[in-house]
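First the structure, in the form of structure tokens, and then the observations on it.
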Amino acid sequence: MEDKAFEAQVKETVIKEEVVYSGHIIDVVDETVVLSDGRKTHRDIVHHAGAVAILALTADDKMIVEKQWRAPVRKVTLEIPAGKLDERDHGDALAAVNRELNEEVRLQAGNIKKFAGFYSSIGFADEYMHLYLATDLQPVTTELPQDADENIGVVYLSFDEATALYEAGLLDDGKTVVAYQYWKIMRLEQGLK
């Protein structure tokens, strides 16, 4: 529920923006803002084009995850297929889902449904993550080129395997945790354990 009166009381006014860094994935901006009480302060803002992530479930009810090195956390992670929206997608998240499934796991989906969306780190970044469920998976007929800087291993996890990883703290990527929990809810609603 949106509270316009509260928003009017706390809304900040940007009076200056300085691009500190402009990169391949993000732009970092130092904003000078005026608070509702007249004080000035700074905000470090990370701008991102947005992203999609896919809970891809096979016909035999396995979750597709990727193993890849993630430099910020200095380790190999387990993540659902995902990627940023870019110029090829023309702002269309569904186009990005289809592209990422092809590039990363060489599959196409007969059924795609959005089930969630969230800001990945709302305190300093505007990245919005669209989460989709993809089923009725088939191999692609034409492979799109993979990103040159990615080394991805594809893993198929049963629900029990994913649960063991989750309970051991080894599924620690936010989008993957949300996807796993959605899968768990789906299974409970279907009467599966």
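A quick note: this is a predicted structure, and the numbers were derived from the prediction, not measured. One is the number of the first residue; the rest follow in order along the sequence.
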Side chain to side chain contact (heavy atoms under 4.5 Å, CB included), that's the test. Do Asp172 and Val177 meet it? Break it down for me.
CA-CA 7 Å; Asp172 54 3; Val177 168; 5.8 Å; no
For Leu157 versus Trp183, what's the shortest heavy-atom pair and its separation?
O-CH2, 3.6 Å
Would you say the side chain of Asp30 lies within less than 4.5 Å of the side chain of Glu17, judging by non-hydrogen atoms?
no
How about Ile45 and Val28: do any of their side-chain heavy atoms sit closer than 4.5 Å?
no
For Val76 and Trp69, work out which heavy atoms get closest and say how close.
N-CE3, 3.8 Å
If you measure only the distance, is there a donor-acceptor pair under 3.5 Å linking the side chains of Ser22 and Asp27?
yes
Under 4.5 Å between side-chain heavy atoms, counting indirect links through other Ile/Leu/Val/Met/Phe/Trp/Tyr residues: same cluster for Val97 and Met129 or not?
no
Taking all heavy atoms of Val105 and all of Pro81, pick out the closest pair and write down the distance.
CG1-CG, 4.1 Å
According to ring pair (Phe, Tyr, Trp, His ring centres under 6.0 Å), who are the partners of His48, at least two apart in sequence or on a separate chain?
none
Could you please spell out the steps behind the side chain to side chain contact (heavy atoms under 4.5 Å, CB included) verdict for Leu55 and Tyr132?
CA-CA 6 Å; Leu55 170 58; Tyr132 286 85; over 6 Å; no
Side-chain heavy atoms under 4.5 angstrom apart, residues restricted to Ile, Leu, Val, Met, Phe, Trp, Tyr: same cluster for Val29 and Val14?
no
Determine, for Arg99 against Asp86, whether the closest basic-nitrogen to carboxylate-oxygen distance falls under 4.0 angstrom.
yes
Among all residues two or more places apart in sequence or in another chain, which pass the side chain to side chain contact (heavy atoms under 4.5 Å, CB included) test with Tyr128?
Lys114, Tyr119, His130
Mind checking the CG-OG1 spacing from Leu35 to Thr41? Nearest 0.5 Å is all I need.
6.0 Å
Heavy atoms of Glu127 and Ser120 approach each other most closely as OE1-OG, 2.5 Å
Any side-chain donor near an acceptor of the partner, Ser36 and Gln9, under 3.5 Å:
no
Okay, side chain of Asp3, backbone of Ala5: is any donor-acceptor separation there less than 3.5 Å?
yes
Hey, is Glu79 close enough to Lys175 for a salt bridge, meaning N to O under 4.0 Å?
yes
Do the charged groups of Glu12 and Arg43 touch, with an N to O distance under 4.0 Å?
yes
Around atom CZ of Arg88, are there more than 12 heavy atoms from other residues, nucleotides or ligands closer than 6.0 Å?
yes
Check whether any side-chain heavy atom of Gln68 lies under 4.5 Å from a side-chain heavy atom of Asn151, and answer yes or no.
no
Please enumerate all residues that pass ring pair (Phe, Tyr, Trp, His ring centres under 6.0 Å) together with Tyr182, with sequence neighbours excluded.
Phe115
Pair Asp61 + Arg187: basic N to acidic O under 4.0 Å:
yes
Do Leu57 and Ile64 belong together in a cluster built from hydrophobic side chains that touch within less than 4.5 Å?
no
Hey, what do you get for CG (Asp136) to CD (Gln108), rounding to the nearest 0.5 Å?
9.5 Å
Results of ring pair (Phe, Tyr, Trp, His ring centres under 6.0 Å) for Tyr180 - residues two or more places apart only:
Phe159, Tyr166
Under 4.5 Å between side-chain heavy atoms, counting indirect links through other Ile/Leu/Val/Met/Phe/Trp/Tyr residues: same cluster for Tyr21 and Phe124 or not?
yes
Can you get from Leu85 to Ile80 by hopping between Ile, Leu, Val, Met, Phe, Trp and Tyr side chains that sit under 4.5 Å apart?
no
Contacts of Ala109 meeting side chain to side chain contact (heavy atoms under 4.5 Å, CB included) (sequence neighbours excluded), chain-then-number -> Leu101, Ile112, Ala134, Leu137
Distance from Glu100 atom CD to Ile54 atom CD1, nearest 0.5 Å?
6.0 Å
Can you see which heavy atom on Leu78 is nearest to which on Asp173, and at what distance?
O-CB, 4.1 Å
Could you work out the complete set of other residues in the hydrophobic cluster of Leu144, with links drawn between I, L, V, M, F, W and Y side chains under 4.5 Å apart?
none
Any heavy-atom pair between the side chains of Lys40 and Ile15 that's under 4.5 Å?
yes
Among Asp147, Val140, Ile152, exactly one meets side-chain contact (heavy atoms from CB on, under 4.5 Å) together with Glu103. Which residue is that?
Asp147
In this structure, are over 12 heavy atoms from other groups packed under 6.0 Å from Lys84 atom NZ?
yes
Between Asp160 and Ser158, is there a side-chain donor-acceptor contact under 3.5 Å, judged purely by atom types and distance?
no
Can you tell if the side chain of Thr58 reaches within under 4.5 Å of the side chain of Met63, non-hydrogen atoms only?
no
Would Gln146 and Glu104 count as a side chain to side chain contact (heavy atoms under 4.5 Å, CB included) if you check the C-alpha gap in whole Å, the side-chain angles of each, and the deciding distance to 0.1 Å?
CA-CA 7 Å; Gln146 293 180 322; Glu104 294 188 354; 5.7 Å; no
Which pair of heavy atoms, one from Thr77 and one from Val73, lies closest together, and at what distance?
CG2-CG2, 4.1 Å
Using the rule given for salt bridge (charged side-chain N to carboxylate O under 4.0 Å, His left out), can you reason through Arg106 versus Glu143, listing the C-alpha separation, both sets of side-chain angles and the distance that settles it, and then say yes or no?
CA-CA 7 Å; Arg106 302 300 190 204; Glu143 293 183 356; 3.4 Å; yes
